[in-house]
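Structure record follows, encoded as structure tokens.
Proteins come first, then strands; the chains are lettered A, B, ... in the order of their sequence lines, and each starts at number 1. Keep in mind that the numbers below use all heavy atoms, side chains included, and drop hydrogens, waters and symmetry copies.
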2 protein chains.
Amino acid sequence: MGISERKERAKAEREQRIIGAARMLAEKDGWASVTVRRLAQEIEYSQPVLYAHFQNRDAIVGAVALEGFGELGPVLRASVRRGASSAEAMEDVAMAYLEFAFERPALYEAMFVLPSGLRFAKSDTPQSLRDTFGAMMAVVEPFCENAEVATEAFWATLHGLAELERHGRIREAFRKDRVTHFIDMLSRRS
Amino acid sequence: MGISERKERAKAEREQRIIGAARMLAEKDGWASVTVRRLAQEIEYSQPVLYAHFQNRDAIVGAVALEGFGELGPVLRASVRRGASSAEAMEDVAMAYLEFAFERPALYEAMFVLPSGLRFAKSDTPQSLRDTFGAMMAVVEPFCENAEVATEAFWATLHGLAELERHGRIREAFRKDRVTHFIDMLSRRS
DNA sequence: TAAATAAATCTAGCGTTGCTATATTGTCAA
DNA sequence: TTGACAATATAGCAACGCTAGATTTATTTA
């Protein structure tokens with residue numbers, strides 16, 4: 001019965017094309033321009049087909065977000081320079097996080113701002129997001145007792161820096177200064 | 001010529017009713033449910049009347065946001081306890097900021113997340129927002145050299161804490177711990 | 001006071017959206 | 001070849017932001 005396998009493969013492939021098209025359009029013209037009609041046109045199927053893959057539009061955003069979670073963790077881990085000190089490692093991760101956010105703003109938006117239908121209530125948090133959290137915790141840990149709380153705060157600062165800058169609330173030119181300042185605060189001995 | 005004054009007064013009053021209705025509906029059912037039709041119904045006029053007051057829907061969000069900016073600054077200033085130390089003052093402002101964000105989530109969203117049509121390119125930043133920034137800078141200043149950069153980072157942390165918690169990315173139960181941790185980092189002598 | 005003018009407001013409608021009921025086509029088994 | 005079922009398309013609903021044009025109300029002029 002290789003037939004149903006072939007069909008499943010074809011369906012998975014089409015699903016990937018939908019996700020890819022959504023991500024591409026979002027990055028090109030913003031999420032507002034990612035409509036179900038436009039996606040249908042992009043993959044050369046009629047609209048209702050999309051609803052055989054995703055429950056609604058939000059679920060498509062969610063699928064893109066999930067893809068992003070799968071990329072962010074590795075990016076952060078890879079960002080730490082060889083032989084970096086603890087403080088340098090923290091700075092590397094911080095800068096890598098912000099670069100990720102600014103280079104793929106639509107992807108970042110899907111992951112952390114838009115309603116994506118993704119649930120994060122403890123147990124069903126995607127493994128890839130746990131992994132991202134772990135990457136941050138690894139560099140924060142050396143500097144504090146309660147690593148989880150400290151990582152949440154660390155992450156919050158990065159997210160705030162990304163969002164406020166994206167909305168033009170803080171000055172783009174001082175991005176590096178803010179990171180340096182913030183890492184200094186965390187890494188100095190008390 | 002009291003006629004035109006009377007008309008202006010009536011128009012301003014109606015404008016305020018639109019803003020009030022938008023804010024109320026947003027807080028009750030979320031911004032997605034704040035439609036121009038619904039607002040028109042609320043103020044008992046037809047839709048096109050709203051466009052005599054605001055260029056488009058975003059401008060209505062912007063007007064609500066502006067109202068929020070007018071409230072946040074004073075709230076922050078009033079939050080500092082009498083005789084508080086520098087570190088305590090910073091903590092008071094941080095907690096007040098988060099309480100503001102969580103008690104009026106829709107207002108906060110209008111101010112910092114939604115497209116509001118408000119421009120922040122340096123010179124035309126609303127005075128009330130500058131004022132809010134000033135309130136934060138006042139408590140951050142004692143702890144750093146470059147107060148502006150430090151305040152941007154301080155603000156970013158608060159914004160990140162508010163947003164990540166609102167989206168269920170970090171644990172509600174540890175809000176106080178995160179603030180304590182973060183204030184500790186900033187206030188300890190190096 | 002009545003007609004003319006200007007301002008305020010409404011009706012009706014366009015194009016678009018997310019989503020779905022229903023018709024149609026294509027595929028496989030008997 | 002035909003009957004059944006899955007895959008896909010057509011067509012449409014209700015709601016959205018927004019606007020042109022008609023209509024009513026208010027003000028000024030004769």
Between dC18(D) (P) and Phe54(B) (CZ): distance, integer Å
13 Å
How long is the line joining CD of Gln41(B) and P of dG17(D), in whole Å?
13 Å
Cationic tip of Arg175(B) above Phe102(B) ring, under 6.0 Å, 45° of axis:
yes
Phosphate OP1/OP2 of dC16(D) contacted by Thr35(B) side-chain N/O (<4.0 Å)
yes
Nearest-Å distance, CG (Leu50(B)) to P (dT9(C))?
12 Å
Counting only side-chain N and O atoms of Arg14(B), is one of them less than 4.0 Å from OP1 or OP2 of dT9(C)?
yes
What is the minimum heavy-atom distance between Ala65(A) and Leu118(A), and which atoms define it?
CB-CD1, 3.9 Å
Separation of dG17(D) atom P from Asp58(B) atom CG, nearest Å, is 10 Å
Expressed in angstrom and rounded to an integer, what is the separation of Lys11(B) atom NZ from dT9(C) atom C1'?
12 Å
Provide, to the nearest angstrom, the distance between the CD atom belonging to Gln47(A) and the C1' atom belonging to dT16(C).
11 Å
Which nucleotide in the set dA21(C), dG18(C), dT19(D) lies at the smallest distance from any side-chain heavy atom of Pro48(A)?
dA21(C)
Donor-acceptor contact present, side-chain Asp58(B) to main-chain Gly117(B), <3.5 Å
no
Trace of the ring-ring contact (aromatic ring centres under 6.0 Å, His included) decision for Phe112(B) with Phe69(B):
CA-CA 10 Å; Phe112(B) 296 120; Phe69(B) 292 139; 5.7 Å; yes
Can you classify the ring geometry of Tyr108(A) versus Phe100(A) as parallel (below 30°), tilted (30 to 60°) or perpendicular (above 60°)?
perpendicular
The nucleotide from dC19(C), dC16(D), dC10(C) with an atom nearest the side chain of Asn56(A) is dC19(C)
Arg37(B) side chain: which of dG17(D), dT10(D), dG12(D) is closest?
dG17(D)
Side chain of Arg57(B), heavy atoms from C-beta onward: which of dT9(C), dT17(C), dG17(D) has the nearest atom to it?
dG17(D)
To the nearest Å, how far apart are Leu39(A) CG and dG18(C) P?
9 Å
Rounding to a whole Å, what distance do you find between Arg38(B):CZ and dA15(D):C1'?
13 Å
Given dA9(D), dC18(D), dT17(C), which nucleotide is nearest the side-chain atoms of Tyr51(B)?
dC18(D)
Can you tell me which nucleotide in dC19(C), dT9(C), dT8(D) comes closest to the side chain of Tyr45(A)?
dT8(D)
